[in-house]
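Throughout, protein chains are lettered first and strands after them, A, B, ... in sequence-line order, and every chain is numbered starting at 1.
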There are 2 protein chains.
Amino acid sequence: MSLASDRAKPRAAEKPTLYKRIRLDIETRILTGEWPPGHRIPFEHQLMARYRCSRMTVNKALSELAQADLIERRRRAGSFVRRPQHMSAVLKIADIRAEITALGRSYGYQLIDCRRRTATSADRARLGVSTAGKVIAIACRHSADDVPFAVEDRLIDLSTVPEAATADFSREPPGSWLLHHVPWTEAEHTISAVVADDRTAKALDIAIGAPCLVIDRYTWRSARTVTAVRLHYPGETHRLVARFKGG
Amino acid sequence: MSLASDRAKPRAAEKPTLYKRIRLDIETRILTGEWPPGHRIPFEHQLMARYRCSRMTVNKALSELAQADLIERRRRAGSFVRRPQHMSAVLKIADIRAEITALGRSYGYQLIDCRRRTATSADRARLGVSTAGKVIAIACRHSADDVPFAVEDRLIDLSTVPEAATADFSREPPGSWLLHHVPWTEAEHTISAVVADDRTAKALDIAIGAPCLVIDRYTWRSARTVTAVRLHYPGETHRLVARFKGG
DNA sequence: CACGATTATATGTCTAGACATATAAGTCAA
DNA sequence: TTGACTTATATGTCTAGACATATAATCGTG
């Protein structure tokens, strides 16, 4: 989650290379609707002929479009415009400590509660696991320049991350510890809005009923759940910025 | 904006190809902190030697890492791990009509207000332009199965999109019209939380003081502002889901 | 020492091939 | 008709080169 930036206008377009031109051409046709969802894009050898270039060049353009989820590539069948014409944006959600330090503010951390237990059924549901192993449940607060920044409520699956049992979360925030000790392969964020309840309001030093941005994050390492975390941010002072570059 | 999905566990890892293995190796070293921010990654020719492959293969791995903002590549200098170790997620924000239809619900649209005017200073500030051209200001509401889904407050810059002057926004929502008529090259979303004011509460049929998720979106076409839009969603029933695949 | 010109080098892009592999489509038999 | 087998084909990955280009580092000069 980055701070609310002053919106800067995008830089002027530079002279594009061939593969970028191919990519932009196709992208434009898709985004204008000239090639609707489901439309089959010309085959690579057709694009080779049209642009007088080698296959690797069109392949690079198409690969990037596929990576951006604008098209879907199927062997033997061809490449197709993907279904809903949605915009996709790269959303950066930083480690909170790194985020605050990057802002040039002093980072503060308070551990509210940390306990190790056998996973309850609620824990298992939250982590999306069926077996009842050990978990660590953590509640803590992050602050910037001694002003509450976010409250965190986290569950760590010890069967995936046994090393976490020996970590000292009174000193280091669990998010930072995990980021430096556990490689993750997949993550999911869910963003919603709520009004602060009694406990959250007190921890964030805001009024009960004030808006809060809530981020739920689930992290996996090769099909095993690593951690589930819920963060409450004061909604009027904090914002998520996501920017997409289409050039 | 996609609906809250039932979190599915990621699929098991498949046998990776060489460039994917290189990418994963480097990614793991970065995410575990073995290669901290600022660390210089081995040069392409060193990786060629280590993995016994051609330069194009390591180049493909490094290019994808650069595209994912995990590393920064500088000519003559090398490739470096980027500074804050943040996670990046692909956030999909669909056209609202497409989103609702994709859910299998019936889409409803009500134009609340639509007026064409010379840009006021507030309009210019919002669009980030300095010259005072014509704009269209639109207020409208989207509903799913006749339940209010989101309210929209939009400004379109007619000097960038003159065709919009002839569009009929009483029939078609402006977001869909723009998506099909104007190619965009860059966009920015800002997500925040507020509590519903009188007008928003009435339009969304929720209580005053209920939480709302707010999305501000700015769209550009090659350095020219296309549109600025603010969407209010009922915060407790709607959520944004962003998922990142790191494999 | 400061500053401009030169050079070395790592990345950026591209080529013209190659073989691998998934799969749509066609073929044939039960 | 249906299922199993075969085949054609588009993409996936890779090679061993090439030239272009930005720039860090070096060298010279005032």
Side-chain angles (χ1 to χ4, degrees), chain A residues 11-27 29-30 35 37-83 245-247, chain B residues 11-27 29-30 35 37-83 245-247:
Chain A
R11 73 216 167 285
E14 59 216 52
K15 181 197 159 203
T17 53
L18 180 51
Y19 93 87
K20 280 180 181 163
R21 219 191 89 209
I22 300 173
R23 174 159 61 80
L24 187 62
D25 278 5
I26 296 171
E27 201 172 276
R29 283 185 161 85
I30 293 174
W35 288 349
H39 176 91
R40 202 190 65 217
I41 283 177
F43 297 129
E44 292 189 351
H45 70 266
Q46 294 178 303
L47 292 169
M48 283 170 68
R50 179 195 307 270
Y51 291 97
R52 318 277 185 122
C53 64
S54 79
R55 207 183 127 221
M56 281 300 288
T57 302
V58 307
N59 185 280
K60 178 156 187 167
L62 294 178
S63 295
E64 291 194 4
L65 288 168
Q67 234 186 316
D69 258 359
L70 260 141
I71 65 172
E72 187 188 348
R73 313 199 71 196
R74 291 208 301 273
R75 272 187 160 122
R76 162 74 212 238
S79 303
F80 301 84
V81 178
R82 275 182 73 87
R83 300 159 343 217
K245 288 168 218 128
Chain B
R11 72 213 169 289
E14 58 215 48
K15 180 198 161 200
T17 52
L18 181 51
Y19 93 87
K20 281 181 183 164
R21 219 191 90 209
I22 299 173
R23 174 159 62 79
L24 186 62
D25 277 4
I26 296 171
E27 201 172 276
R29 283 184 161 83
I30 293 174
W35 288 349
H39 176 91
R40 204 190 61 219
I41 283 177
F43 296 129
E44 292 189 349
H45 71 267
Q46 294 177 303
L47 292 168
M48 283 170 69
R50 180 195 306 270
Y51 291 98
R52 319 279 184 116
C53 64
S54 77
R55 206 182 127 222
M56 282 299 288
T57 302
V58 306
N59 185 281
K60 178 156 186 165
L62 294 179
S63 295
E64 291 194 3
L65 288 169
Q67 233 186 317
D69 259 357
L70 261 143
I71 65 171
E72 187 189 348
R73 314 199 71 198
R74 291 207 301 272
R75 271 186 160 121
R76 162 75 211 240
S79 302
F80 302 84
V81 177
R82 274 181 74 87
R83 301 175 332 234
K245 287 168 217 127

Can you name the nearest heavy-atom pair linking B/W35 to B/P42, along with the distance? CH2-CD, 3.6 Å
Give the minimum heavy-atom separation between A/L65 and A/E27, together with the two atoms involved. CD2-OE1, 3.8 Å
Find the distance between CE (B/M48) and SG (B/C53) and round it off to the nearest 0.5 Å. 7.0 Å
As an exercise, state the distance from CG of A/L70 to CG of A/L62, rounded to the nearest 0.5 Å. 11.5 Å
Let me have a per-nucleotide readout for nucleotides 10-15 of chain C, 5' to 3', with B, S or -, counting only protein heavy atoms under 4.0 Å. BBBBBB
Just to be sure I follow the notation: if a pair is Watson-Crick (purine N1 to pyrimidine N3 plus N6-O4 or O6-N4) or a G-U wobble (N1-O2 and O6-N3), each under 3.5 Å, what dot-bracket string does DNA chain D give, with | for pairs to another strand? ||||||||||||||||||||||||||||||
CG on B/L18 to OG1 on B/T57, rounded to 0.5 Å: 6.0 Å
All heavy atoms of A/K60 vs all of B/S63, minimum pair found to be NZ-OG, 4.3 Å
Closest heavy-atom pair and its distance - A/Q67, B/Q67: OE1-OE1, 3.0 Å
